[in-house]
There are 2 protein chains.
Amino acid sequence: MSPDTRRNIVFAAMDLFWLKGFNSTSIADILSRTQIHSGSLYHFFPGKQDVLIAVLETYRDGIGEMLLQPAWSGVSDPIGKIFALLNSYRTHLLTTDCTYGCPIGSLALELHEPDERVRLLMAENFANWVKAIEACLVEAGDRIPRDTDRHALAEFVLTAMEGGIMQARTHRDVAYFDRNVQCLRQYFDMLEERAKPARVH
Amino acid sequence: MSPDTRRNIVFAAMDLFWLKGFNSTSIADILSRTQIHSGSLYHFFPGKQDVLIAVLETYRDGIGEMLLQPAWSGVSDPIGKIFALLNSYRTHLLTTDCTYGCPIGSLALELHEPDERVRLLMAENFANWVKAIEACLVEAGDRIPRDTDRHALAEFVLTAMEGGIMQARTHRDVAYFDRNVQCLRQYFDMLEERAKPARVH
DNA sequence: CCATCATTTGAGCGATCAATCAACACGCTG
DNA sequence: CAGCGTGTTGATTGATCGCTCAAATGATGG
């Protein structure tokens, strides 16, 4: 029952950090969710911060199975995949009455002076997310202008997602997210249109 | 010396909430900054949350003098004002080694279950920011396509700012902010280009 | 000079926090 | 059965939290 203990702690903490944030989640909160006692937790983790690190590592290692695969099931178009991923965040907003958001984004703004390991793990999570979008943009090939920086554009997609969630959460209205996605869509449409007359050269 | 006391508390709290966040700022932190004692603070504020409310009201009432006027001094072009405002956030990032960001955005993601008054004040702050951008877009007139939703575009500018700051902070690199602004700039350029052949109609 | 009220003082309250640790339970190996 | 290492228990610690309140102080008007 010992390998489960660690895993149970991590997943309980993942939920709670997402629900309440890191600082507002007490060790007691995690313990009461798992029927585990404090001694066991501190047997596996030196401190609360190391639980956070394990959570961030779990997010990092599970981005494919937990996030991308569910969002992309049945979607093959590369640009369609980008907006399908955004739509899965929209669904998340809807199912929580616009109260919760991206766990990494929330942590990134909550922790003002994070430990370096924590900061790097958050950065790694963002980087992997961007990398997945960038792969879609590369796959889209010449549907997008040749001189467009795929990496920068992928970062911009992350920005649109995070900013949209922030506003939707604050206003408790998913329409704020939708309007942001609409603007991004128009941006993509114009890029695709600009890429079309490549033969005119 | 009494009207000053309240004011001093608010401004000290404004600084600290911005530096450390709301939850990580203790009443003792505020007191030690102001040489005020706890009894005085609780004479003016029923509780810590009411200090936050006063801070958010101060931001709301001061958006013009504290934020827009400094950013727009010497800038008259409406679209130029939008990017001048973004540039003032960039300067903020630079002068703090990319550690701090938009105080409203940070609070919006830190507080997961905010009091309704707090949430509405954060929403009001966002709305006022967006309104200022929207006014620029309206002022830009037919430089932007007639069918473009000015309000939605202004919200998208807020998103680009917040998302850019989030990534720059997390990576401790202002280049993430710059690339986002670059994308937004391209978006605006394409909109302006699309608005030009209006006479072709 | 007194009365009144707003303001300030600061020790101290109970609650909660992250973290500790001695004692114990269990499974495995010799 | 003995010895040992891994895992578990849960009462307890000291620090810190937001907040209280009786008493002192200061300012204002009659």
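Chain identifiers are assigned alphabetically (A, B, ...) following the order of the sequence lines, protein sequences preceding nucleic acid strands; residue numbering begins at 1 within each chain.
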_Using the salt bridge (Lys or Arg N to Asp or Glu O under 4.0 Å) criterion, which residues pair with D147(A)? Sequence neighbours excluded._
R194(A)
*In B/S/- notation, 5' to 3', how is nucleotides 13-26 of chain D contacted by protein heavy atoms closer than 4.0 Å?*
----SSBBB-----
*In chain order, what residues pass the side chain to side chain contact (heavy atoms under 4.5 Å, CB included) check against A54(B), with sequence neighbours excluded?*
R6(B), V10(B), F45(B)
*Figure out the CZ/P separation between R6(B) and dT8(C), and round it to whole Å.*
13 Å
*Between dT8(D) and H43(A), is there an OP1 or OP2 to side-chain N/O distance shorter than 4.0 Å?*
no
*Take atom CG of D4(B) and atom C1' of dT8(C), then tell me their distance rounded to the nearest Å.*
15 Å
*Do you know which two heavy atoms are closest between T25(A) and K48(A), and how far apart they sit?*
O-NZ, 2.8 Å
*Hey, could you give me each pair passing salt bridge (Lys or Arg N to Asp or Glu O under 4.0 Å) that has a residue in residues 18-28 of chain A? Not counting sequence neighbours.*
K20(A)-D29(A)
*Selection residues 74-86 of chain A - residue pairs positive for salt bridge (Lys or Arg N to Asp or Glu O under 4.0 Å), sequence neighbours left out*: D77(A)-R143(A), K81(A)-E139(A)
*For dT8(D), does OP1 or OP2 lie under 4.0 Å from any side-chain N or O of H37(A)?*
no
*Rounded to the nearest angstrom, tell me the gap between atom CG in N8(A) and atom P in dT8(D).*
10 Å
_Rounded to whole Å, how long is the line connecting atom CD of Q35(B) with atom C1' of dG10(C)?_
14 Å
*Can you tell me the distance, in whole Å, between the CZ atom of F44(A) and the C1' atom of dA19(C)?*
17 Å
*Tell me, which pairs form a salt bridge (Lys or Arg N to Asp or Glu O under 4.0 Å) where one or both residues lie in residues 154-173 of chain B, sequence neighbours left out?*
R179(A)-E155(B)
